[in-house]
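Single-structure report; data block below.
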Amino acid sequence: APVFVAEGEVTCCVSDFLAMVVADTQFHARAAADKVMVEYEVLDPITDPFDALEPGATLVHSTDTFSPRPSNLLQPVTAYKRGDVDQALERAVHIVEATWRTQPIEIAFLEPEACLAVPRDRGVLVHTDSQGSVYDQQQIAKVLGIDANHVEIQLAASGGAFGAKEELSIQAQTALAAYLLEKPVKTVLTREQSTQHHVKRHAMTVTLTVGADAEGRLLAVRSRIVADAGGYHTTSAKCALRAGCHTCGPYRVPNVDVESKAVYTNNPNGGAMRGFGSNQAQFAMEGAMDILAEKVGIDGWDIRYLNALDPGD
């Protein structure tokens with residue numbers, strides 16, 4: 001994500017920072033920020049990841065670092081197979097075909113993002129509540145155009161994060177202000193700003209085809225997962241990876257066919273939140289197990305016990 005969206009550039013979602021006001025008090029800073037006027041050319045947003053995947057869809061980003069052609073599809077896509085799913089489904093006595101959809105979830109940690117940057121000879125000292133201090137150091141140095149050895153990160157108690165403070169948020173802007181003004185600068189987001197800016201648990205659409213034998217033993221799983229990445233990459237491809245890797249749940253499945261991908265939209269950013277993408281996939285698979293148990297005519301506990309991974313599986 002950009003540190004600031006420049007004049008003439010396109011904003012991608014509500015998390016974008018357009019300007020920063022630095023003042024002698026928080027009251028003056030907020031009062032001045034309220035007076036900043038921004039002129040927009042309003043474009044039609046892309047809010048559905050499936051629309052974003054259509055041929056000829058408007059691009060959220062005009063270029064994509066990870067792809068030879070501009071696309072709304074993030075790279076890499078997670079895809080893997082084992083065994084022969086089609087053949088296994090032909091043998092299956094019970095089959096479940098269904099789609100599960102999860103919503104974005106606001107993480108709502110107790111403390112909003114906060115940062116204090118203090119200028120030092122040729123660099124800055126940054127007090128931050130980040131979950132990724134090493135990455136913060138590298139990125140802040142790149143923004144300031146200085147050697148990373150001149151950026152010191154001191155980790156402060158976070159007051160909650162759950163994954164949403166893995167991303168660089170206000171540290172670069174705060175460090176930039178302190179570096180240019182040669183004075184300490186402290187930034188604290190309001191709750192509204194924080195909610196706009198930090199990532200949400202990914203909204204995902206999980207389509208499963210699950211086959212089992214007459215007793216309820218799993219034979220095959222075909223899984224197709226689409227995650228709404230929002231405006232910027234953050235950890236979306238990795239969360240889609242984790243969703244794909246955990247899509248069969250804690251169960252023994254001899255035949256699998258999985259594809260999991262993340263897609264740019266103009267929605268708020270998706271990102272890490274406690275489980276890192278696996279929760280959404282587990283929700284779908286557990287739903288399929290409940291339906292299978294009904295079809296087989298056994299208890300939900302029994303079908304899980306029957307298929308649970310054992311040591312060495």
Side-chain angles (χ1 to χ4, degrees), residues 1-4 13-31 33-34 102-120 123-141 143-144 151-179 183-203 229-236 238-239 242 267-280:
V3 178
F4 292 107
C13 65
V14 296
S15 72
D16 279 325
F17 289 122
L18 306 184
M20 182 178 187
V21 171
V22 183
D24 57 344
T25 68
Q26 180 175 259
F27 178 83
H28 287 156
R30 296 207 190 283
D34 286 339
T102 69
Q103 75 277 33
I105 296 176
E106 163 57 30
I107 297 174
F109 34 66
L110 185 64
E111 179 191 61
E113 291 82 352
C115 179
L116 170 64
V118 180
R120 282 183 162 182
V124 288
L125 165 64
V126 181
H127 298 269
T128 174
D129 59 359
S130 167
Q131 290 180 270
S133 301
V134 173
Y135 303 108
D136 290 355
Q137 181 193 35
Q138 296 168 352
Q139 293 178 81
I140 291 170
V143 169
L144 299 184
V151 177
E152 181 180 343
I153 304 293
Q154 287 200 9
L155 185 63
S158 73
F162 314 112
K165 290 178 180 175
E166 288 189 14
E167 315 298 333
L168 196 71
S169 58
I170 56 174
Q171 295 92 341
Q173 294 88 344
T174 308
L176 179 64
Y179 186 71
K183 292 183 178 180
V185 175
K186 182 179 181 180
T187 306
V188 181
L189 295 187
T190 64
R191 178 61 62 184
E192 180 181 10
Q193 290 169 336
S194 174
T195 302
Q196 285 182 314
H197 179 69
H198 63 243
V199 299
K200 317 300 175 208
R201 189 191 295 281
H202 285 93
Y232 296 100
H233 197 147
T234 70
T235 55
S236 292
K238 292 181 180 179
C239 287
R242 195 65 58 86
N267 293 327
N269 288 327
M273 180 184 176
R274 283 296 167 97
F276 211 75
S278 67
N279 311 60
Q280 298 92 314

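Closest approach of Val22 and Ala177 over heavy atoms only: CG2-CB, 4.0 Å. Between Val21 and Ala29, the closest heavy-atom pair is CG1-O, 3.8 Å. The heavy-atom pair separating Glu106 from His198 by the smallest distance is OE2-NE2, 2.8 Å. Closest heavy-atom contact between Ala164 and Phe109: CB-CE2, 3.5 Å. Among all heavy-atom pairs drawn from Gly160 and Lys165, the shortest one is O-NZ, 3.0 Å.
With hydrogens and angles left out, the side-chain atoms of Ser130 and Asp136 include a donor and acceptor closer than 3.5 Å. Thr195 and Gln193 form no side-chain donor-acceptor contact under 3.5 Å, judged by distance and modelled atom types alone. Side chains of Ser236 and His202: a donor-acceptor N/O pair is present below 3.5 angstrom, by distance only. Using modelled atom types, one finds no donor on one side chain facing an acceptor on the other under 3.5 Å when comparing Gln280 with Thr102. Side chain to side chain, Glu113 and His197 fail the donor-acceptor criterion of an N or O pair below 3.5 Å.
When each of Leu116, Thr174, Val124 is paired with Val185, the side chain to side chain contact (heavy atoms under 4.5 Å, CB included) condition holds for Thr174 and for no other.
To the nearest 0.5 Å, atom CD1 of residue Ile140 and atom OG1 of residue Thr128 are 7.0 Å apart. For the atom pair CG (Asp129) and CD1 (Ile170), the distance works out to 7.0 Å, reported to the nearest 0.5 Å.
A distance-only check finds no donor-acceptor pair linking the side chain of Gln137 to the backbone of Tyr135 [under 3.5 Å]. The backbone N or O of Lys238 lies less than 3.5 Å from no partner atom in the side chain of Thr235, so there is not a single donor-acceptor pair. With Thr234 contributing its side chain and Gly270 its backbone, the two residues share a donor-acceptor pair below 3.5 Å. The main-chain N or O of Leu125 is never found under 3.5 Å from a side-chain atom of Arg120 such that the two would form a donor-acceptor pair. Using modelled atom types, no side-chain atom of Arg191 and backbone atom of Ala108 make a donor-acceptor pair closer than 3.5 Å.
More than 12 heavy atoms of other residues, nucleotides or ligands sit less than 6.0 Å from atom CZ of Phe4.
For Asn267, the side chain to side chain donor-acceptor pair (under 3.5 Å) criterion is met by Asp228, Thr265, not counting sequence neighbours. Looking at residues two or more places apart in sequence or on another chain, you find no side chain to side chain donor-acceptor pair (under 3.5 Å) involving Asp34.
Looking at Thr187 and Gln173, their side chains never come closer than 4.5 Å, going by heavy atoms from C-beta outward.
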